[in-house]
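Remember, predicted model here, so these are calculated numbers, not experimental data.
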Amino acid sequence: LQFDEEKDMRLDYYLSKYAELKALYKLVKQDFSATGLIYHNWNHVLRDLARSIMIGETEGANMKIVLAGVLLHDIGRLYPEERGDHYTSGAKIAPKFLTKAGFRKSEIEDIIHCICSHGPRGLEEPKTLEAHVCYDVDVLSCSCGNVGVARVFHYFIAEEEFTIKQMMEIGSGRRRTRRSFYTETGQKLGEEGYLKATEFWRGLGRELEKEEQSIKEIIPKYQGD
(Lines give C-alpha, C1' and ligand atoms only; values in the text may rest on other atoms or scores of the structure.)
Protein backbone atom coordinates (compact mmCIF):
# COMPACT_ATOMS: atom_id res chain seq x y z
CA LEU A 1 0.00 0.00 0.00
CA GLN A 2 1.24 3.49 -0.86
CA PHE A 3 0.72 6.46 1.46
CA ASP A 4 1.39 10.19 1.23
CA GLU A 5 4.88 10.65 2.70
CA GLU A 6 4.18 14.32 3.47
CA LYS A 7 1.40 13.32 5.87
CA ASP A 8 3.49 10.41 7.08
CA MET A 9 0.29 8.79 8.36
CA ARG A 10 0.55 10.76 11.58
CA LEU A 11 -2.44 11.52 13.76
CA ASP A 12 -0.73 14.75 14.84
CA TYR A 13 -0.95 15.99 11.26
CA TYR A 14 -4.74 15.93 11.35
CA LEU A 15 -5.00 17.27 14.90
CA SER A 16 -2.93 20.29 13.86
CA LYS A 17 -4.84 20.72 10.59
CA TYR A 18 -8.34 20.67 12.12
CA ALA A 19 -8.85 22.65 15.34
CA GLU A 20 -12.25 21.03 15.82
CA LEU A 21 -10.72 17.56 15.63
CA LYS A 22 -8.03 18.49 18.15
CA ALA A 23 -10.67 19.80 20.55
CA LEU A 24 -12.76 16.64 20.10
CA TYR A 25 -9.72 14.44 20.69
CA LYS A 26 -9.12 16.12 24.08
CA LEU A 27 -12.77 15.87 25.12
CA VAL A 28 -13.08 12.19 24.20
CA LYS A 29 -9.75 11.24 25.76
CA GLN A 30 -10.82 12.88 29.01
CA ASP A 31 -14.05 10.87 29.11
CA PHE A 32 -12.38 7.54 28.32
CA SER A 33 -9.64 8.15 30.88
CA ALA A 34 -12.18 9.00 33.58
CA THR A 35 -14.42 6.00 32.91
CA GLY A 36 -11.79 3.27 32.83
CA LEU A 37 -13.48 0.48 30.87
CA ILE A 38 -11.48 -2.75 30.81
CA TYR A 39 -11.56 -3.41 27.06
CA HIS A 40 -13.17 -0.41 25.39
CA ASN A 41 -10.51 1.91 26.73
CA TRP A 42 -8.40 4.70 25.25
CA ASN A 43 -5.88 2.23 23.79
CA HIS A 44 -8.74 0.67 21.84
CA VAL A 45 -9.57 4.10 20.40
CA LEU A 46 -5.93 4.77 19.49
CA ARG A 47 -5.60 1.46 17.64
CA ASP A 48 -8.73 2.23 15.66
CA LEU A 49 -7.52 5.75 14.86
CA ALA A 50 -4.32 4.32 13.41
CA ARG A 51 -6.22 1.85 11.24
CA SER A 52 -8.59 4.57 10.08
CA ILE A 53 -5.63 6.58 8.79
CA MET A 54 -4.22 3.53 7.01
CA ILE A 55 -7.52 2.91 5.23
CA GLY A 56 -8.94 6.41 4.93
CA GLU A 57 -5.88 8.02 3.34
CA THR A 58 -5.57 5.28 0.73
CA GLU A 59 -9.28 5.41 -0.12
CA GLY A 60 -9.32 9.23 -0.34
CA ALA A 61 -11.87 9.70 2.43
CA ASN A 62 -12.56 12.93 4.31
CA MET A 63 -10.25 12.27 7.24
CA LYS A 64 -11.84 14.91 9.46
CA ILE A 65 -15.11 12.97 9.35
CA VAL A 66 -13.45 9.56 9.59
CA LEU A 67 -11.30 10.42 12.61
CA ALA A 68 -14.20 12.10 14.41
CA GLY A 69 -16.35 9.04 13.73
CA VAL A 70 -13.71 6.69 15.11
CA LEU A 71 -13.12 8.89 18.16
CA LEU A 72 -16.82 8.69 18.99
CA HIS A 73 -17.80 5.24 17.69
CA ASP A 74 -17.80 3.68 21.17
CA ILE A 75 -18.64 6.77 23.21
CA GLY A 76 -22.06 5.31 24.01
CA ARG A 77 -20.39 2.59 26.06
CA LEU A 78 -19.28 5.21 28.56
CA TYR A 79 -22.87 6.14 29.36
CA PRO A 80 -24.69 3.02 30.60
CA GLU A 81 -27.43 5.22 32.04
CA GLU A 82 -28.57 5.90 28.47
CA ARG A 83 -31.05 3.28 27.32
CA GLY A 84 -30.36 1.17 24.25
CA ASP A 85 -27.22 -0.23 22.69
CA HIS A 86 -24.04 1.80 22.34
CA TYR A 87 -24.95 2.80 18.77
CA THR A 88 -28.17 4.46 19.93
CA SER A 89 -26.53 5.98 23.01
CA GLY A 90 -23.60 7.19 20.95
CA ALA A 91 -25.85 8.88 18.42
CA LYS A 92 -27.58 10.75 21.27
CA ILE A 93 -24.42 11.77 23.09
CA ALA A 94 -22.03 12.51 20.19
CA PRO A 95 -23.67 15.79 19.03
CA LYS A 96 -22.87 17.37 22.41
CA PHE A 97 -19.17 16.57 21.95
CA LEU A 98 -19.15 17.65 18.31
CA THR A 99 -20.98 20.92 18.92
CA LYS A 100 -18.67 21.79 21.80
CA ALA A 101 -15.65 21.04 19.60
CA GLY A 102 -16.96 23.34 16.85
CA PHE A 103 -18.10 20.95 14.10
CA ARG A 104 -20.67 22.16 11.56
CA LYS A 105 -24.18 20.69 11.43
CA SER A 106 -23.55 18.95 8.10
CA GLU A 107 -20.37 17.38 9.49
CA ILE A 108 -22.19 16.22 12.60
CA GLU A 109 -24.78 14.42 10.49
CA ASP A 110 -22.07 12.56 8.56
CA ILE A 111 -20.25 11.62 11.77
CA ILE A 112 -23.44 10.35 13.42
CA HIS A 113 -23.98 8.09 10.41
CA CYS A 114 -20.48 6.66 10.94
CA ILE A 115 -21.35 5.95 14.58
CA CYS A 116 -24.66 4.27 13.77
CA SER A 117 -23.22 2.06 11.03
CA HIS A 118 -19.79 1.05 12.31
CA GLY A 119 -19.27 -2.70 12.29
CA PRO A 120 -21.51 -5.69 11.47
CA ARG A 121 -23.83 -5.04 14.42
CA GLY A 122 -24.54 -1.46 13.39
CA LEU A 123 -28.04 0.00 13.33
CA GLU A 124 -27.84 0.88 9.65
CA GLU A 125 -25.82 0.01 6.59
CA PRO A 126 -22.88 2.36 5.93
CA LYS A 127 -23.67 4.56 2.93
CA THR A 128 -20.74 6.98 2.67
CA LEU A 129 -17.05 6.36 2.03
CA GLU A 130 -16.27 7.67 5.51
CA ALA A 131 -18.76 5.25 7.06
CA HIS A 132 -17.25 2.44 4.99
CA VAL A 133 -13.85 3.23 6.48
CA CYS A 134 -15.22 3.26 10.05
CA TYR A 135 -16.98 -0.05 9.41
CA ASP A 136 -13.82 -1.71 8.14
CA VAL A 137 -11.81 -0.35 11.07
CA ASP A 138 -14.25 -2.03 13.46
CA VAL A 139 -13.98 -5.33 11.60
CA LEU A 140 -10.18 -5.18 11.71
CA SER A 141 -10.34 -4.46 15.43
CA CYS A 142 -12.31 -7.50 16.51
CA SER A 143 -12.80 -9.95 13.65
CA CYS A 144 -9.38 -10.58 12.15
CA GLY A 145 -6.56 -12.92 13.09
CA ASN A 146 -5.48 -14.39 16.40
CA VAL A 147 -5.22 -10.95 18.02
CA GLY A 148 -8.75 -10.09 16.94
CA VAL A 149 -10.11 -13.31 18.42
CA ALA A 150 -8.18 -12.71 21.64
CA ARG A 151 -9.69 -9.24 21.93
CA VAL A 152 -13.19 -10.58 21.37
CA PHE A 153 -12.67 -12.97 24.27
CA HIS A 154 -11.19 -10.17 26.36
CA TYR A 155 -14.20 -7.95 25.76
CA PHE A 156 -17.00 -10.45 26.27
CA ILE A 157 -15.44 -12.15 29.28
CA ALA A 158 -14.00 -9.04 30.98
CA GLU A 159 -16.80 -6.54 30.34
CA GLU A 160 -19.87 -8.69 29.69
CA GLU A 161 -18.97 -11.71 31.86
CA PHE A 162 -19.84 -14.16 29.09
CA THR A 163 -18.99 -17.85 29.20
CA ILE A 164 -17.35 -19.52 26.20
CA LYS A 165 -20.63 -21.20 25.30
CA GLN A 166 -22.48 -17.88 25.38
CA MET A 167 -19.89 -16.39 23.06
CA MET A 168 -20.43 -19.18 20.57
CA GLU A 169 -24.18 -18.53 20.67
CA ILE A 170 -23.61 -14.96 19.51
CA GLY A 171 -23.07 -16.24 15.99
CA SER A 172 -22.09 -13.67 13.40
CA GLY A 173 -23.87 -10.87 15.22
CA ARG A 174 -24.84 -9.33 11.88
CA ARG A 175 -27.95 -7.28 11.22
CA ARG A 176 -29.26 -8.00 7.72
CA THR A 177 -26.67 -8.84 5.08
CA ARG A 178 -23.44 -6.91 5.49
CA ARG A 179 -20.14 -7.27 3.73
CA SER A 180 -17.00 -8.43 5.47
CA PHE A 181 -15.29 -5.24 4.23
CA TYR A 182 -16.51 -2.21 2.30
CA THR A 183 -13.18 -0.78 1.12
CA GLU A 184 -10.50 -2.36 -1.01
CA THR A 185 -7.84 -1.26 1.46
CA GLY A 186 -9.68 -2.76 4.42
CA GLN A 187 -9.99 -6.04 2.57
CA LYS A 188 -6.28 -6.08 1.73
CA LEU A 189 -5.36 -5.41 5.33
CA GLY A 190 -7.77 -7.90 6.86
CA GLU A 191 -8.82 -10.62 4.44
CA GLU A 192 -6.26 -13.20 5.57
CA GLY A 193 -6.91 -12.51 9.24
CA TYR A 194 -10.67 -12.58 8.71
CA LEU A 195 -10.48 -16.07 7.22
CA LYS A 196 -8.17 -17.20 10.02
CA ALA A 197 -10.58 -15.93 12.68
CA THR A 198 -13.57 -17.52 10.92
CA GLU A 199 -11.87 -20.90 10.89
CA PHE A 200 -11.00 -20.53 14.57
CA TRP A 201 -14.63 -19.95 15.54
CA ARG A 202 -15.77 -22.90 13.45
CA GLY A 203 -13.13 -25.14 15.02
CA LEU A 204 -14.00 -23.95 18.52
CA GLY A 205 -17.67 -24.68 17.90
CA ARG A 206 -16.92 -28.22 16.72
CA GLU A 207 -14.62 -28.87 19.68
CA LEU A 208 -17.11 -27.54 22.25
CA GLU A 209 -19.89 -29.65 20.79
CA LYS A 210 -17.72 -32.77 20.84
CA GLU A 211 -16.65 -32.11 24.44
CA GLU A 212 -20.21 -31.51 25.60
CA GLN A 213 -21.46 -34.70 24.00
CA SER A 214 -18.76 -36.82 25.62
CA ILE A 215 -19.43 -35.35 29.08
CA LYS A 216 -23.20 -35.73 28.75
CA GLU A 217 -22.72 -39.45 28.20
CA ILE A 218 -21.54 -39.56 31.80
CA ILE A 219 -23.41 -36.57 33.28
CA PRO A 220 -26.62 -36.02 31.22
CA LYS A 221 -27.51 -32.76 32.99
CA TYR A 222 -24.21 -31.07 32.08
CA GLN A 223 -24.86 -27.62 30.57
CA GLY A 224 -21.34 -26.58 29.55
CA ASP A 225 -19.49 -23.36 30.26
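- Counting heavy atoms from C-beta on, the side chains of F200 and N146 never come closer than 4.5 Å.
- Between V149 and W201 there is a side-chain heavy-atom pair separated by less than 4.5 Å.
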Open item on the list: Working note: D110 + E130, criterion side chain to side chain contact (heavy atoms under 4.5 Å, CB included); need CA distance, chi angles, decisive distance, verdict.
Closed with: CA-CA 8 Å; D110 290 339; E130 291 69 34; over 6 Å; no
Open item on the list: Before you tell me yes or no, could you show the steps for K64 and F103 under side chain to side chain contact (heavy atoms under 4.5 Å, CB included), namely the whole-Å CA-CA distance, both residues' side-chain angles and the distance that decides it to 0.1 Å?
Closed with: CA-CA 10 Å; K64 185 180 180 183; F103 283 80; 3.7 Å; yes
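- Between Y87 and H118, the distance separating the two ring centers is shorter than 6.0 angstrom.
- Defined by atom type and a distance below 3.5 Å, a donor-acceptor pair is present between the side-chain atoms of E59 and T185.
- In this structure, the side chains of N43 and R47 come closer than 4.5 Å at one or more pairs of heavy atoms.
- The hydrophobic cluster containing L49 does not contain V147, counting ILVMFWY residues as joined when their side-chain heavy atoms lie under 4.5 angstrom apart, directly or transitively.
- Hydrophobic cluster membership is shared by L46 and M54, with clusters built from Ile, Leu, Val, Met, Phe, Trp and Tyr side chains linked at under 4.5 angstrom.
- Using a 3.5 Å distance cut-off with no hydrogens or angles, the side chains of D85 and T88 do pair a donor with an acceptor.
- Side-chain contact between E107 and L98: absent, with no pair of heavy atoms (C-beta onward) separated by less than 4.5 Å.
- Using a distance-only test at 3.5 Å, with no hydrogens or angles considered, a donor-acceptor pair links the side chain of D136 to the main chain of T183.
- In this structure, the side chains of I65 and C114 come closer than 4.5 Å at one or more pairs of heavy atoms.
- Distance check, rounded to the nearest 0.5 Å: CD1 of I53 to CG of L67 gives 5.0 Å.
- Closest of all the heavy-atom pairs between A61 and V133 is CB-CG2, 4.1 Å.
- For A101 against L24, the heavy-atom pair with the smallest separation is CB-N, 3.8 Å.
- Y182 and L195 are not part of a single hydrophobic cluster, where members link through side-chain heavy atoms under 4.5 Å apart.
- Side chain to side chain, Y25 and Q30 fail the donor-acceptor criterion of an N or O pair below 3.5 Å.
- Between H73 and H44, the ring planes lie tilted relative to each other; the angle falls in the 30° to 60° range.
- Nearest heavy-atom pair across P126 and Y135 is CG-CD1, 3.9 Å.
- For the pair E125 and H113, the tightest heavy-atom approach, listed with the atom from each and the gap, is O-CE1, 3.4 Å.
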- [ ] Assess whether side chain to side chain contact (heavy atoms under 4.5 Å, CB included) is satisfied between V66 and N62, documenting all intermediate values.
- [x] CA-CA 6 Å; V66 168; N62 181 332; 5.8 Å; no
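- Between the CG atom of L11 and the CE atom of M63 there is a distance of 9.0 Å, given to the nearest 0.5 Å.
- The CG atom of L72 sits 7.0 Å away from atom CD1 of I111, with the distance rounded to the nearest 0.5 Å.
- In this structure, the separation between CD1 on I112 and CD1 on I115 is 4.0 Å, given to the nearest 0.5 Å.
- Nearest heavy-atom pair across C134 and V70 is SG-CG2, 3.9 Å.
- Within the 4.5 Å cutoff, no side-chain heavy atoms of S117 are placed close to those of L123.
- Between W42 and F32, the angle of the ring planes lies from 30° to 60°, which puts this pair in the tilted group.
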Open item on the list: S180 vs V139, test: side chain to side chain contact (heavy atoms under 4.5 Å, CB included). Steps then yes/no.
Closed with: CA-CA 7 Å; S180 298; V139 172; 5.7 Å; no
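- In this structure, the side chains of E211 and Y222 come closer than 4.5 Å at one or more pairs of heavy atoms.
- To the nearest 0.5 angstrom, S52 atom OG is 9.0 Å from E57 atom CD.
- Ion pairing between R206 and E199 holds under the 4.0 Å rule for side-chain N and carboxylate O.
- The shortest side-chain heavy-atom distance between F97 and D31 falls under the 4.5 Å cut-off.
- Closest approach of L15 and K22 over heavy atoms only: O-CB, 3.3 Å.
- A distance of 13.0 Å separates CZ of R104 from OG1 of T99, quoted to the nearest 0.5 Å.
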